[in-house]
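Here is how names work: the chains are called A, B, and so on, in the same order as the sequence lines, proteins then strands, and each is numbered from 1. All values derive from a computational prediction rather than experimental measurement.
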Protein chains: 2
Amino acid sequence: MPLETTTTAPDAAVPAPDAAPARLGRRRDHSRDADILDAAIEVLAEVGYDGMTMEMVAGRAKAGKATLYRRWPSKGELVVDAVACMKSKGLDADHLPDTGTLRGDLVAMIKPRAVEDADRKLRVMGGLMSVISRSPELAEAISSAIVEPRAEVNRRLFQRAIDRGEIAADCDVATISMVAPSMTAYRLLVTQRPVDRDYLIAIIDGVVLPAVGLKPPAGDPGAQAAPLGPLADD
Amino acid sequence: MPLETTTTAPDAAVPAPDAAPARLGRRRDHSRDADILDAAIEVLAEVGYDGMTMEMVAGRAKAGKATLYRRWPSKGELVVDAVACMKSKGLDADHLPDTGTLRGDLVAMIKPRAVEDADRKLRVMGGLMSVISRSPELAEAISSAIVEPRAEVNRRLFQRAIDRGEIAADCDVATISMVAPSMTAYRLLVTQRPVDRDYLIAIIDGVVLPAVGLKPPAGDPGAQAAPLGPLADD
DNA sequence: TATATACGGAACTTGCCAGTTTCGGATACC
DNA sequence: GGTATCCGAAACTGGCAAGTTCCGTATATA
């Protein structure tokens, strides 16, 4: 049951020393990799690392178990790869909303697609929680695919607010950037309650904005400042 | 699967009123229950639910595996019982510090013994994270032994600050009470960094107090207002 | 002291799952 | 078309852990 933590040469076999081999026969269909990794993410989100079996992943991806082992040497490395592949999806710290106010930016991040993506990432994280402490590779994958992208987005939004003079320059950006990630994770994984738009607005208006010295709008909280309807997406 | 979450001797000394069978022979030594449950908590904190084996618990408690199964019908119910037994230890919402200021109260909660206790509870929670969503009994045990006591303590401290007019009456106590629990859990379990006095002070002064409209003390943050030396305990 | 029960330890049974092998069929290169 | 390789399916192996049974011993009641 221990995680295989070998750092592997992934698929690159022994290099033919002299002649380019110019392989023969059917080629490995690497487009299936994504299907398998997606299936693994699904299963991880539902039953966690120890509940996941290679048969489940193979079945979900309509693949054979042997195909999985042809591509990854062990369950542990498949999972690390699957988590790492989540990095490219979702948040993009280079294309953030810029509404002119911190609250506007934070609220603009709340889109159905983004909320759903964050929800899945949190569930995957929860399913891997008890393994994190014993697998540095997995911890690193989770950090760089889930934790850091989200923290980085927040740091940029707060830094912009500092740069435009909206909030104090000496506020603890590093700590405040973790407020929403921490609270949503706790809410979803520990108390098992939904992380929806209302809850995110409550964090923004009840904790984050007051913490940086801003007053949330007075009226019905969160009702306004929703520039897009519920069906609007990216 | 019947739920047996009794934390004390179920077959108490109450004698059957009429036909008391007056059992014969050696009696079950219920003082061992606590040893076994403590061993289970230790193992859970170290390797999580799926990593924990009944042999490990028995070995740690210097008991036989059969003794465990004489007292609990399954691993799952032993774990639920072990978590439920954590409820009585640590926080006591009826004997909270009362320093006259919210910050004083929050800082007074930071004692080596309390930090250590919270740390262990968080690790246990992390080890059970992926099981919570599929075991309502376990979710309930965690909630009432770990989540609620901590939230209740915070709610009381904030409510007292409201009552004495120190902070606004309309602040979102329910949400703010979850800030520190959420952030410490994330810090310890996800980012794997220590939850020590400095980090707790950073949360108090960098997030919680500003969020309720209070200014933390200006100077070296957290250095003062530590009325007791590092060796002082409860 | 006699008896009924609990105890720790160890052997045992059972089932599951990681990982391997085998096989008939599909597919891309030559 | 020939062939080497990949594919999915299924059978198989081996180890590990949940749960059970048995045994020699300890201990509380009568």
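Geometrically, B/Arg187 engages B/Tyr199 in a cation-pi contact, judged by NZ or CZ lying under 6.0 Å from the ring centre and within 45° of the ring axis.
Every pair passing side chain to side chain donor-acceptor pair (under 3.5 Å) that includes a residue from residues 51-66 of chain B is listed here, sequence neighbours excluded: B/Glu42-B/Arg60, B/Glu46-B/Arg60.
By the side chain to side chain contact (heavy atoms under 4.5 Å, CB included) test, A/Gln159 is found to be paired with A/Ile162, A/Asp163, residues two or more places apart in sequence or in another chain being considered.
For D/dA17, neither phosphate oxygen OP1 nor OP2 lies less than 4.0 angstrom from any side-chain nitrogen or oxygen of B/Thr53. Contact between the side-chain N/O atoms of B/Arg27 and the OP1/OP2 oxygens of D/dT29 is found at a separation under 4.0 Å.
Atoms CG (A/Asp29) and C1' (C/dC29) sit 16 Å apart, rounded to a whole Å. In this structure, the NZ atom of A/Lys62 is 13 Å from the C1' atom of D/dG8, given to the nearest Å. Atom pair B/Leu78:CG and D/dG19:P shows a separation of 10 Å (rounding to whole Å applied). Look at CZ on A/Arg71: it is 16 Å from P on D/dT5, rounded to the nearest Å. Look at CG on A/Leu68: it is 15 Å from C1' on D/dA10, rounded to the nearest Å. Nucleotide C/dA10 holds its P atom 10 Å from the CD atom of B/Glu55, rounded to whole Å.
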Each nucleotide N or O in nucleotides 22-27 of chain D that has a protein N or O under 3.5 Å away: list the pair and distance.
unit_1 : atom_1 : unit_2  : atom_2 : d
D/dA26 : N3     : B/Arg26 : NH1    : 3.3

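Among the heavy atoms of the strands lying under 4.0 Å from A/Lys65 is at least one base atom, whether or not backbone atoms are also near. Within 4.0 Å of A/Met56, counting heavy atoms only, lies no atom of the nucleic acid at all.
Mapped onto DNA chain D by nearest heavy atom, B/Met52 and A/Thr67 fall at different nucleotides, with A/Thr67 at the one closer to the 5' end.
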